[in-house]
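Step one of this worksheet: look at the structure below.
Residue numbers start from 1 in every chain, and the chains themselves are labelled A, B, ... in the order their sequence lines are given, proteins ahead of strands.
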Amino acid sequence: MGQEHRYRKDETQPISSPVETSRIGADHGVPIAFRNVTKRFGAFTALDGFSMTIERGEFLTILGESGSGKSTILNALAGFVPIDSGEISIDGKAVHALPPEQRGVGMVFQNYSLFPHMNVADNVAFPLRMRGVQKREARRRSEEALDIVRLSGLGHRFPRELSGGQQQRVAVARAISFHPPVLLMDEPLGALDLKLREALQFEIKQIQRRLGCTVVYVTHDQREAMALSDRIVVLRSGRIEQLGSSADLYDKPRTKFVADFIGQTNVIPATRSGRQVILDHLGLIITPPSITGGDDPLFLNLRPEKLTARRAEGQEVEFPATVQETVFLGDTISVSAMTPSGIAIYFRQPRHAASGLSPGDAIWLSFDPSDAVLVVDVP
Amino acid sequence: MTNRSRTTALLLAAPMGLTIFAFILPMVEVIRWSFFDGQGFTSEHIATALTDELFVQVLLQTIVLSAQVAALCVIIGYPVAYYLSMMSGPLQRLCVLLITFPLWVSVLVRTYAWIVVLGREGLLNLMLIELGIVGEPLKLIFTRGAVLVASIQVLLPLAVLIMYGAMSQINRTLIRAARVLGAPPSAAFRVIFLPLSMNGVISSAVLIFILSLGFYVTPALVGGPRDIMISNVIATQINQTLDWGLGAALGIVLLAAGLMVAGLTYMVLGRFAATANDGGIRS
Amino acid sequence: MKGTLWDSLGRSLLPLYFVFVVAYLVIPLLIVVPLSFSDTTYLVFPPRGFSWRWYSEIFLNPGWLKAFQTSLLLGVITAVGATGLGTLAAMAIVRFHRKTSFTIGAAFLVPQIVPAVITALGAFLLLNALGLLGTFTGLVIMHVMMALPLVVVTMTAALRQLGEGLSLAARVLGATPLKAFIHVTFPAVAPSLAISAIFAFFISFDELIITLFISGSHVTMPVRIWADVKQELTPVVPAAATLLTLLVAVLVVPIELYRQRASIKDRVKLQM
């Protein structure tokens, strides 16, 4: 039932990707660079002087809300949208003027985009056949790629006969079958349910480690980004809000936007007074480890797990609050409380510590000033 | 549950009744007239329809012309449908309208226009002589070519719209995927888009073929005496020769020929499109 | 390189080709317009003089006027009948499960794909046997049957899109099935009903072959044009053709625009 497609030899392009090496596991990732890239769609500016360097073999995630420009970055890198100005280079070579098929990158799409009229083996062999690899050799390598995504033996099936998770794996196999030095992934897990998504996150990570390719991953799910990435770039309105490791972004967000976006948190309005910070809403003055930012509005970023609740006062840095609601999360309990000044505070407690808290309880919340991170709110 | 199915049956009763009365019974009547006469069963009419040299020749001519019309409609229409499916916004709406509009104008009016264009002193001859390309008016009308040109003009919009419908079902990310995975535009079209649009191509070819089989107006108006189709012969049997049994038998033969060719097309071409249109991965 | 060459070739040639094909489809429709204003009693291109005489011929000549009236009456009755029956069928079709629903829907489409001459032949034989040949009743029955498939398709699509949710909600809120239909379903599908009716009208208004076989002394507009085209070539036919085309432009163009807008809205909805 194998679908026969004849590809004319003269139409295959010479491509710089090392398709000659059939060895898998070679560290052949290449660096990628964006220099001052701008892209406008009519009056809407999707990318505004965007610059970024991605290291050889790095797993970089572009994190942002829809409309932040994250898809535009990926589409510009893949060659789907021409950029207005700037330069994009892969392995030191400028590629922004090349058509997609000459950029030598693998890509996994949001809805997999498997070719419905080809079976799994033909789908996976497609990039190889397009590069002039002989049928027999292409079949062998397609088996190899299916092996990596643990789908050996399903080559004869058609995409519609597979589950969502299986389709996703085929999409990955198709993207890596020609050992591209760069792998682009556009919300590849977006259509799957939570459990499957978490399982596949591990697999994607493993595959990347095994192949050593550079991965550019786009998602709006900050948990997924933190789980997978070497570095994350948080994008907002076509500009980089912050670029750093998962831990960097979580522990040391620079802006209120990043603090809000990554994980659950409390951001409390603050005012600067010399080396001290006044927290009107909590009735506190603290001395944080450092103060950054100029005249932009200042906020204190306080992660829920950094707060400790007590029934009575007695700590140096603490403020009163009333319990509003408790939510059982298994290993922890998430509590929302209200300060007398009327702002909501979320905190998390281990099960045993929080047991007994119920709505209406008066409590004191304390934290270590060295855990307090100041963030600015840039428009 | 029974209440529900009773309601459904009640809803269906009138439209079903009409279809049975005005479509099924006439078909039965056609069959009855072709196989029975006053004495009972007879194969005489069918035998005449299948052996008389004139009828066989007209039948073959009808099938050949219909196949030509179907093939040309698909070939001419495919790039048009492709172009429409690549457009977007108000321009697309306008262009689809330009294709749809002629479809609603009476076949009679559309064929009549070709008399004006192709006539001996028609527009085309006038232009050709004016431009000095020909000295004498060409014989354009009352030819096989005129029947083809007019029939294609009548059916082309339908072919385009069917193929356009199938093409707009194709997920464009598939083309992007093919491109980024190494396919140049021509290969992406040939290996991805073309096979995925095959279902639309086959549907429109078969439909155009069947509709052409029944063409009556066009051959009568712009065709010559030798370009008559089976419909015209059937009409003659009914109105002039008054041999209703033979007319009915010719109808049966036409229907059978149409079904056979359409079935064959599906069997042969359908294989290429068997899996093409189930977009299992469209979200 | 080759890819870009193909690309630019396609980009410049396709629009040109499209314009060419549209010209092939549309120009013949426009060509009859100047002819209809000709001052001569015979057809000549380019037309000479200017007059409305062929239009007044249609409305003053008793034969043409009668044909026009017959077509109009037949069209309106067909529109009402086919829309009513087709809607009933569509309401039944959407009540079935997927596969059955599809099969029954397809069954209603069969008349559409049988060559018209065979239907005409059968109609002639049946109506003759029943003594209805040449009667207006016979014409109405056959025209409604011919218009039914398109109404069923249009209304099934409309009702499917509406879903059962709304009318069920109305039922839960205390409406009887009839009231739910009148107050909820009907207003929601009213545009589709109007579209169906207009389409049905046109199918009847344009029908020639079946009418030719069974109409007897009832002459419709197409039958009259048919007779004239075969007999004499005066500009009265271009005038009639222009009127018919104009009618299509006035009634069908807004519908098509509306339908496209609706389908684009669906597409946007699907994407979200």
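Interface residue L255(B): backbone and side-chain heavy atoms are both found under 4.5 Å from chain C. L125(C) touches chain B through backbone and side chain together, each having a heavy atom under 4.5 Å away. A13(B) does not touch chain C: none of its heavy atoms, backbone or side chain, sits under 4.5 Å away. Using a 4.5 Å cut-off between heavy atoms, L30(C) does not touch chain B at all. Interface remark: L244(C) contributes side-chain atoms only to the contact with chain B (heavy atom separation under 4.5 Å). Contacts of M16(B) with chain C are made by both backbone and side-chain atoms, with heavy-atom separations under 4.5 Å. For Q112(C), the part lying near chain B is the backbone, with the side chain staying farther off; criterion is any non-hydrogen pair under 4.5 Å. Of the atoms belonging to V154(B), not a single heavy atom falls under 4.5 Å from chain C. For L246(C), no part lies near chain B; criterion is any non-hydrogen pair under 4.5 Å. In this structure, the portions of A249(C) lying under 4.5 Å from any heavy atom of chain B include both its backbone and its side chain. Neither the backbone nor the side chain of V107(B) comes within less than 4.5 Å of any heavy atom in chain C.
Residues V229(C) and I115(B) form a side-chain contact, since some pair of their non-hydrogen atoms from C-beta on lies under 4.5 Å apart. By the 4.5 Å heavy-atom criterion applied to side chains, N128(C) and W244(B) are counted as neighbours. By the 4.5 Å heavy-atom criterion applied to side chains, I225(C) and Y112(B) are not counted as neighbours. Side-chain contact between I209(C) and S231(B): absent, with no pair of heavy atoms (C-beta onward) separated by less than 4.5 Å. At a threshold of 4.5 Å between non-hydrogen side-chain atoms, the residues R95(C) and L11(B) count as touching.
Here the shortest heavy-atom pairing between S106(B) and D206(C) reads CB-OD1, 3.3 Å. When every heavy atom of P115(C) is checked against every heavy atom of G214(B), the shortest pair comes out as CB-CA, 3.6 Å. Residues P28(C) and A113(B) share a closest heavy-atom pair of O-CB, 2.9 Å. A pairwise comparison of heavy atoms in M142(C) and A22(B) identifies CE-O, 3.3 Å as the closest pair. Here the shortest heavy-atom pairing between T119(C) and M27(B) reads CA-CE, 3.8 Å. The nearest pair of heavy atoms linking L88(C) to A14(B) is CD1-CB, 4.4 Å.
Under the rule for a ring-ring contact (aromatic ring centres under 6.0 Å, His included), the partners of Y216(B) that lie at least two apart in sequence or sit in another chain are W226(C).
To the nearest 0.5 Å, atoms OH (Y83(B)) and OH (Y17(C)) are separated by 13.0 Å. Rounding to the nearest 0.5 angstrom, the gap separating the CD1 atom in I230(B) from the CD1 atom in I118(C) is 9.5 Å. The CZ atom of R32(B) lies 9.5 Å from the CG atom of L126(C); values are rounded to the nearest 0.5 Å.
The choice from F202(C), F108(C), F205(C) that makes the most heavy-atom pairs within less than 4.5 Å of chain B is F108(C). Interface summary for chain B: among A123(C), P238(C), G81(C), the most heavy-atom pairs under 4.5 angstrom belong to P238(C). In terms of heavy-atom pairs under 4.5 Å with chain B, the best-connected choice from V32(C), L29(C), V21(C) is L29(C). Heavy-atom pairs under 4.5 Å with chain C were tallied for I234(B), I238(B), T19(B); the largest tally goes to I238(B).
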Applying side-chain contact (heavy atoms from CB on, under 4.5 Å) to L25(C) and R110(B), what does each step give before you reach the verdict? CA-CA 9 Å; L25(C) 293 178; R110(B) 282 188 279 168; over 6 Å; no

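Aromatic ring centroids of W114(B) and Y24(C) lie under 6.0 Å apart.
Side-chain atoms of E29(B) do not come within 3.5 Å of backbone N or O of G122(C) as any donor-acceptor pair.
Of the candidates V22(C), T245(C), V252(C), V26(C), F101(B) forms a side-chain contact (heavy atoms from CB on, under 4.5 Å) with just one, namely T245(C).
Interface with chain B: from residues 145-153 of chain C, residues M145(C), L148(C), L150(C) qualify, criterion being any non-hydrogen pair under 4.5 Å.
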